[in-house]
Amino acid sequence: MTEPNSPLTVLIADDQPLVRRGLALIFHADPGVRVVGEAGDGREAVDLARKLRPDVVLMDIRMPHLDGVEATARLTAELPECRVLALSTFDMDEYVVGALRAGAAGFLPKDVSPEELVAAVRTVDAGEAAVAPRLLTRLISAYVTTPPPRPTGTAPRTRPDLTARETDVWTLMARGYDNTEISEALSISPSTVKNHVTALFAKLGTRDRAQAVIAAYETGLVRPGEAAGPAEDRSPSGV
């Protein structure tokens, strides 16, 4: 996270020079953000990040020599304090799920507004995930491999180390609810939701919301097309 009164430093990785220059110009207009380097492929991005230690790496997913997914995996393993924000030309891109699984803190399509881009960079620098919850669930339901269907009438599988309320929160999170919506659905305070989310990340061994949602689909807790959250189809669990 950026130190108080220090500019947020960004490394831009994209194989198209015009795209890199356009992104740099967007950040140049914000005195609180400083672009410290530009990379034309994933290998160069990793090398520059090791040298420059930026707060955030803006990472194109599809690049030559080393793609954004592998570059993200290397960066999150070697430089955990460096946050990666993935970029893709397409909203629905299976490589994006790979980057999120590898540790990217968020995803943006390249047609976002300059304001949305700067806001997302600040969000991931603050330690939060920058990805629209419902876009995340669309991506994961399209590209994440889920277990075979459960027999009719059986309940979703749960983890024995999670409380009932943590399972409720995890389920709603995986179905696209943000923290405010989870708070309203379960009739608990936003601060309580945040506490449950923090506990979930620790128990699941996930870095952020995106990885937790991927885990929910991969374990079969939720499945593509399941719309109702736990607070909608049964009485809420105890806190």
Side-chain angles (χ1 to χ4, degrees), residues 1-2 55-57 59 69 72-86 96-108 119-141 143-147 156-224 226 229-231 236-239:
M1 183 180 296
T2 306
D55 297 311
V56 177
V57 176
M59 183 80 75
V69 175
T72 296
R74 294 187 187 184
L75 283 179
T76 54
E78 295 180 31
L79 303 173
E81 72 281 1
C82 176
R83 306 283 284 177
V84 176
L85 180 58
V96 171
V97 174
L100 294 172
R101 187 185 282 114
F107 153 69
L108 288 177
V121 166
R122 292 190 180 282
T123 296
V124 299
D125 178 57
E128 301 292 335
V131 58
R134 285 172 179 78
L135 175 58
L136 178 62
T137 55
R138 282 174 54 213
L139 279 165
I140 291 172
S141 64
Y143 296 115
V144 170
T145 301
T146 57
R157 66 186 68 183
T158 60
R159 288 175 49 124
D161 55 334
L162 300 182
T163 67
R165 182 58 90 207
E166 288 168 349
T167 301
D168 286 350
V169 170
W170 189 22
T171 303
L172 287 172
M173 182 192 302
R175 289 173 179 166
Y177 288 55
D178 61 27
N179 282 6
T180 299
E181 291 167 332
I182 293 173
S183 170
E184 294 171 352
L186 299 178
S187 300
I188 56 179
S189 71
S191 61
T192 299
V193 173
K194 289 186 69 174
N195 290 339
H196 285 313
V197 170
T198 299
L200 271 171
F201 292 168
K203 291 181 178 182
L204 297 174
T206 55
R207 283 168 52 102
D208 53 37
R209 197 180 201 90
Q211 290 188 335
V213 174
I214 290 172
Y217 278 85
E218 289 181 330
T219 60
L221 177 75
V222 294
R223 310 192 66 82
E226 292 181 346
S237 305
V239 177

A.B. asks: What are the two closest heavy atoms between Val197 and Val169, and how far apart are they?
C.D. replies: CG2-CG1, 4.0 Å

A.B. asks: List for me each residue that meets side-chain hydrogen bond (donor to acceptor under 3.5 Å, both in side chains) alongside Ser191, sequence neighbours excluded, and say none if there are none.
C.D. replies: Ser189

A.B. asks: Considering only heavy atoms from C-beta outward, does the side chain of Met173 approach that of Val193 to under 4.5 Å?
C.D. replies: no

A.B. asks: Is a side-chain N or O of Thr167 found less than 3.5 angstrom from the main chain of Thr163, in a donor-acceptor match?
C.D. replies: yes

A.B. asks: Working to the nearest 0.5 angstrom, can you tell me the gap between Asn195 CG and Leu200 CG?
C.D. replies: 11.0 Å

A.B. asks: Which heavy-atom pair separates Leu85 from Gly106 by the least distance, and what is that distance?
C.D. replies: CD1-C, 3.5 Å

A.B. asks: With sequence neighbours excluded, what pairs up with Lys203 under the salt bridge (charged side-chain N to carboxylate O under 4.0 Å, His left out) test?
C.D. replies: Glu166

A.B. asks: Without swapping roles, check the side chain of Thr123 against the backbone of Ala119 for a donor-acceptor pair under 3.5 Å.
C.D. replies: yes

A.B. asks: Would you mind reporting whether Leu186 and Arg165 have side-chain heavy atoms less than 4.5 Å apart?
C.D. replies: yes

A.B. asks: Tell me, please, which residues at least two apart from Arg207 pass salt bridge (charged side-chain N to carboxylate O under 4.0 Å, His left out).
C.D. replies: none

A.B. asks: Locate the shortest heavy-atom distance separating Thr72 from Ala104; write the atom from each residue and the value.
C.D. replies: CG2-N, 3.6 Å

A.B. asks: Which atoms form the tightest heavy-atom contact between Val57 and Cys82, and what is the distance?
C.D. replies: CG2-SG, 3.4 Å

A.B. asks: How far does NZ of Lys194 sit from CG of Asn179, to the nearest 0.5 angstrom?
C.D. replies: 7.5 Å

A.B. asks: Tell me every residue that passes side-chain contact (heavy atoms from CB on, under 4.5 Å) with Ala216, counting only those two or more places apart in sequence or in another chain.
C.D. replies: Trp170, Ala174, Leu221, Val222

A.B. asks: Determine, stepwise, if the pair Arg101 / Glu218 fulfils side chain to side chain contact (heavy atoms under 4.5 Å, CB included).
C.D. replies: CA-CA 11 Å; Arg101 187 185 282 114; Glu218 289 181 330; 2.8 Å; yes

A.B. asks: Any heavy-atom pair between the side chains of Ile182 and His196 that's under 4.5 Å?
C.D. replies: no

A.B. asks: Go through the structure and list residues passing salt bridge (charged side-chain N to carboxylate O under 4.0 Å, His left out) with Glu184, not counting sequence neighbours.
C.D. replies: none

A.B. asks: For Thr206, enumerate each residue passing the side-chain contact (heavy atoms from CB on, under 4.5 Å) test, keeping only those at least two apart in sequence or located in another chain.
C.D. replies: Phe201, Leu204, Gln211, Ala212

A.B. asks: Are any side-chain N or O atoms of Arg83 and backbone N or O atoms of Ala105, one a donor and one an acceptor, separated by less than 3.5 Å?
C.D. replies: no

